[in-house]
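Heads up, the thing below is written out as structure tokens.
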Amino acid sequence: MTLAPAPEVADNRVPLGRHSTGALSLDLDRLLAGRLLIQGSSGAGKSRTLRRIIEEAFDYTTISIVDPEGEFDNLARHIGATTIRAVELTADGLTAAATRSRRHRLSMHIDLTDLDPDQRIVKAAAFFAGLIGAPREDWAHTVLVCIDEGHLLAPHVAGSARDAEARRLGVSTLTDLCARGRKRGLAPVIATQRLAKLSTSVVSELQNVLVGLNVFDRDIARAADLLGFSAREADALRNLVPGDFFAMGPALSATPCLAHIDPTITEHIGRTPELRAAASVDAGEAARLLDLAGLAEVTDHGPAIALRGTRALDAFLLDPAATDAAAIMDALKRISPNASTARDLSRHLGLDAERTDRALNLLSAIAAIDTMPRGEDRIARLHARLRARLSDVAVVAL
């Protein structure tokens, strides 16, 4: 009796780098079951390693890149991912976009730049919630969820009592993504600079690790614990060169092995720039280039107005020009995307030039409008992120 040949098993391993005895590969099937942590101090090469994984894996599965620093735009174009600037969508909109991306198997790039720390956490959590909450029929549509600077989205501790609620949301949602992702076809890959900054509840869910250069004792102790290193072996983490990582886990290697990650196809935007000397100009030329005379005409609203989030809102509401600023916003909304001059705004609202300029300065300080410093030809219009939300408003005159 002749036995039938065993069915071929798909080889879903992708090459990452090389170690002393051969090639280092990442088993995507086991990654789906065990998730992955990439950790290393600044300059260790963790973001480049994440980039390498994405470049090799996008032919096998859908990719979602969560990008707090806006460093993966060129990679998104390379793999054909759709870029969404989170500042332009509501949290509910991000949840819906995540759910729809799973339904249609669309790779996504979520750019979290231009958000304050709390909103960055809130909007990332909303996107994760959409991935987790996708209908059961879409669970077969696997997604590699690649998260750079994970400690910014699930910090180990809150910076203040005000930040505690956002931190709890970020930690609980990212932990949920890691814990329940396997059955739902989600494989988180989380890169972080410091283990001491990333929530321990998130780290505990990650069964595969790539650990690079570490310089802080707390990070070295935690990394050594992950790798099963003794105190003497842990000292090796201080001497790694950029691109060197200890790899361990079901998707990588049964025992820790030191490997060097291969180069990427796309250039890493966030790499450290080369040193460059300051321009050699005299004080007068520097003042001209900075237009210090023009800047001095802008009313100073104090340091509080430069803040973002709730603190910026408080500063705005307490400013004497807030009422005039609200009237100007209403006028600019009705003519968006067009601009108006300060003179026309003064005439339309019955304000003198001084009150109009102060209100425009206030709105400019909180990035609600685009405008120039005070002058006869000063113009103003809504900031681009606000114009994007009013794209269906008819263009009219004041």
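Computed from a prediction, not measured in an experiment: that's the story for all the values here.
Not a single donor-acceptor pair under 3.5 Å links the side chain of Arg184 to the backbone N or O of Ala134. Looking only at distances, a side-chain donor or acceptor of His141 sits under 3.5 Å from a matching main-chain atom of Arg102. Distance alone, capped at 3.5 Å, is enough to place a donor-acceptor pair between the Lys123 side chain and the Ala86 backbone. Side chain of Ser336 to backbone of Leu332: no donor-acceptor contact under 3.5 angstrom is found. Arg222 places a side-chain N or O within 3.5 Å of a backbone atom of Leu195 that can act as its donor or acceptor partner. When atom types are taken as modelled, the side chain of Arg182 and the backbone of Arg180 share no donor-acceptor pair closer than 3.5 angstrom. In this structure a side-chain-to-backbone donor-acceptor pair under 3.5 Å is present from Glu55 to Ile265. Remark: side-chain polar atoms of Ser172 are paired, donor with acceptor, to backbone N or O of Leu169 under 3.5 angstrom. Looking only at distances, a side-chain donor or acceptor of Arg30 sits under 3.5 Å from a matching main-chain atom of Pro250. A donor-acceptor pair under 3.5 Å is absent between the side-chain atoms of Thr61 and the main chain of Ala57, judged by distance alone.
Tested against Thr266 for a side-chain hydrogen bond (donor to acceptor under 3.5 Å, both in side chains), the candidates Arg52, His78, Arg77, Arg51 yield a single pass: Arg51.
Salt-bridge formation is detected for the pair Asp219/Arg194: a Lys NZ or Arg NE/NH1/NH2 atom is positioned less than 4.0 Å from an Asp or Glu carboxylate oxygen. With salt bridges taken as basic N to acidic carboxylate O contacts below 4.0 Å, none links Glu165 and Arg168. Ion pairing of Arg103 with Asp138 is present here, as a side-chain N (NZ or NE/NH1/NH2) and a carboxylate O approach within less than 4.0 Å. Asp357 and Arg378 are joined by a salt bridge, as a carboxylate oxygen and a charged side-chain nitrogen come within less than 4.0 angstrom of each other. The pair Asp324-Arg358 fails the salt-bridge criterion, with no side-chain N (NZ, NE, NH1 or NH2) lying under 4.0 Å from an Asp/Glu carboxylate O.
Taking the six-membered ring for Trp and thresholds of 30 and 60 degrees, His268 and Phe72 have ring planes inclined between 30 and 60 degrees apart.
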Run the salt bridge (Lys or Arg N to Asp or Glu O under 4.0 Å) test on Asp344 and Arg347 for me, step by step, so that the C-alpha distance in whole Å, both residues' side-chain angles and the decisive distance to 0.1 Å come before the verdict. CA-CA 5 Å; Asp344 286 344; Arg347 183 170 58 250; 2.3 Å; yes

For the pair Thr371 and Ser364, evaluate side chain to side chain donor-acceptor pair (under 3.5 Å) and give the outcome as yes or no after the intermediate values. CA-CA 7 Å; Thr371 186; Ser364 177; over 6 Å; no

Test side chain to side chain donor-acceptor pair (under 3.5 Å) applied to Thr21 and His19, step by step: CA-CA 6 Å; Thr21 59; His19 50 74; 3.0 Å; yes

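Pairing each heavy atom of Ala380 with each of Leu360, the nearest pair is CB-CD2, 3.8 Å. The shortest non-hydrogen separation linking Leu198 to Ala154 is CD1-O, 3.6 Å. Nearest heavy-atom pair, Gly212 versus Leu240, reported as atom, atom and distance to 0.1 Å: C-CD1, 3.5 Å.
Between the side chains of Thr62 and Ser107, not a single donor N or O lies within less than 3.5 Å of an accepting N or O. A donor-acceptor contact under 3.5 angstrom links the side chains of Thr113 and Asp111, judged on distance only. Looking at Asn214 and Gln39, their side chains do bring a donor and an acceptor atom within 3.5 Å of each other.
Around the CZ atom of Arg85, the shell of radius 6.0 Å holds more than 12 heavy atoms that belong to other residues, nucleotides or ligands. Within a 6.0 Å sphere centred on CZ of Arg238, other residues, nucleotides and ligands contribute more than 12 heavy atoms.
Using a 4.5 Å cut-off on side-chain heavy atoms (C-beta onward), Ile54 and Ile65 make contact. Using a 4.5 Å cut-off on side-chain heavy atoms (C-beta onward), Ser20 and Leu258 make no contact.
Here His156 contributes atom NE2 and Thr200 contributes atom OG1; the two are 5.5 Å apart, rounded to the nearest 0.5 Å.
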